[in-house]
Amino acid sequence: VQLQASGGGLVQAGGSLRLSCTASGRTVSDYALGWFRQAPGKEREIVATMNWHPGSRYYSDSVRGRFTISRDHAKNTVYLQMNSLKVEDTAVYYCAAAREVSSYSHEYQYWGRGTLVTVSS
């Protein structure tokens, strides 16, 4: 599975951004796609993840209620709509694919290149 993330940028606190992750290669619908992030000096952490088919979604406590993960089957794309952004959301965001929905990064077999999100105060 090849993953291509895009949509990062610079935004003021309180603003919004939408990240996209387009998947290609193997049967994409067999995989859950997740978003992780890594801030400078911190470990990589789960943001949100979901299956292709209706069902499991997972959000970290820090983003629940502000971020929404969704997918477009026709475009093989998963989105992360980020609203009410905070300075502490600043990080490199990565999309990744796993056989099942999981909050653990080591269970994701495929990773895309990150996209930088910077939230200014």
Side-chain angles (χ1 to χ4, degrees):
V1 177
Q2 290 79 48
L3 302 170
Q4 181 66 49
S6 61
L10 174 64
V11 63
Q12 286 190 327
S16 299
L17 279 176
R18 188 178 77 162
L19 304 183
S20 301
C21 177
T22 300
S24 61
R26 296 188 178 187
T27 306
V28 177
S29 59
D30 289 343
Y31 291 83
L33 289 187
W35 288 97
F36 290 78
R37 67 185 182 186
Q38 188 166 18
K42 295 187 177 181
E43 293 186 353
R44 189 170 297 186
E45 62 175 359
I46 182 73
V47 176
T49 184
M50 68 177 296
N51 283 327
W52 275 109
H53 305 288
S56 300
R57 280 183 173 85
Y58 173 89
Y59 295 95
S60 68
D61 290 342
S62 61
V63 306
R64 188 176 294 112
R66 299 188 296 122
F67 291 10
T68 303
I69 189 170
S70 62
R71 80 279 189 227
D72 184 326
H73 289 287
K75 296 182 179 180
N76 281 347
T77 299
V78 172
Y79 302 100
L80 185 69
Q81 179 66 44
M82 306 185 293
N83 298 329
S84 302
L85 282 161
K86 304 176 181 180
V87 172
E88 51 264 42
D89 294 319
T90 296
V92 177
Y93 284 69
Y94 299 88
C95 62
R99 280 294 187 179
E100 295 182 358
V101 169
S102 173
S103 61
Y104 299 104
S105 61
H106 68 266
E107 295 186 353
Y108 286 75
Q109 295 83 30
Y110 303 98
W111 291 82
R113 297 179 67 178
T115 184
L116 177 63
V117 173
T118 303
V119 184
S120 63
S121 58

side-chain contact (heavy atoms from CB on, under 4.5 Å) involving [X] - partner list, sequence neighbours excluded:
X: A96; answer: F36, Y108, W111
X: Q4; answer: none
X: E100; answer: none
X: V119; answer: V11, A13, L85, D89, T90, V117

### Message
Running the 4.5 Å side-chain criterion over Ile, Leu, Val, Met, Phe, Trp and Tyr, what cluster does Y79 land in, apart from itself?
### Response
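The other cluster members (ILVMFWY side chains, heavy atoms under 4.5 Å, direct or chained): none.
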### Query
In the hydrophobic clustering (ILVMFWY, side-chain contacts below 4.5 Å, transitive), which residues join L10, or is it alone?
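Result for L10 is none, singleton.
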Which heavy atom of [X] sits nearest to which heavy atom of [Y], and what is that distance?
X: L19; Y: G8; answer: CD2-N, 3.5 Å
X: E107; Y: S102; answer: OE1-OG, 2.5 Å
X: A23; Y: L3; answer: CB-CD2, 3.6 Å
X: A97; Y: V1; answer: CB-CG1, 4.4 Å
X: S120; Y: V87; answer: C-CG2, 4.1 Å

### Message
Run the salt bridge (Lys or Arg N to Asp or Glu O under 4.0 Å) test against R64 and tell me which residues pass, sequence neighbours left out.
### Response
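R64 satisfies salt bridge (Lys or Arg N to Asp or Glu O under 4.0 Å) with D61 once adjacent residues are dropped.
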### Side-chain (T49) to main-chain (L33) donor-acceptor, under 3.5 angstrom
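Such a contact is found between T49 side chain and L33 backbone.
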### Query
Are any of the side-chain heavy atoms of F67 and W35 separated by less than 4.5 Å?
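They are not in side-chain contact.
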### Message
Within the 4.5 Å heavy-atom criterion, are S6 and T115 side-chain neighbours or not?
### Response
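No, too far: nothing below the 4.5 Å cut-off.
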### Query
Among the clusters formed by ILVMFWY side chains lying less than 4.5 Å apart, do V63 and Y94 turn up in the same one?
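No, because V63 and Y94 fall into different hydrophobic clusters, even though each may have its own neighbours under 4.5 Å.
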Considering residues at least two apart in sequence or located in another chain, which fulfil the side chain to side chain donor-acceptor pair (under 3.5 Å) criterion with [X]?
X: T77; value: T22
X: R113; value: none
X: Q81; value: N83

### Task
Check the pair M50 / Y58 against side chain to side chain contact (heavy atoms under 4.5 Å, CB included), numbers first and verdict last.
CA-CA 6 Å; M50 68 177 296; Y58 173 89; over 6 Å; no
### Message
Suppose the criterion is disulfide bond (SG atoms under 2.5 Å apart): which pairs have a residue in residues 92-121, not counting sequence neighbours?
### Response
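Counting only pairs at least two positions apart or across chains, the disulfide bond (SG atoms under 2.5 Å apart) contacts touching residues 92-121 are C21-C95.
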Which value, rounded to the nearest 0.5 Å, describes the distance between [X] atom [atom1] and [Y] atom [atom2]?
X: L80; Y: Y59; atom1: CG; atom2: OH; result: 8.0 Å
X: T68; Y: M82; atom1: OG1; atom2: CE; result: 11.5 Å
X: N51; Y: Y31; atom1: CG; atom2: OH; result: 13.0 Å

Counting only pairs under 3.5 Å, give me each side-chain donor-acceptor contact of residues 40-48, with atom names and distances, residues two or more places apart or in other chains.
from, atom 1, to, atom 2, distance (Å)
E45, OE2, R37, NE, 2.7
E45, OE2, R37, NH2, 3.2

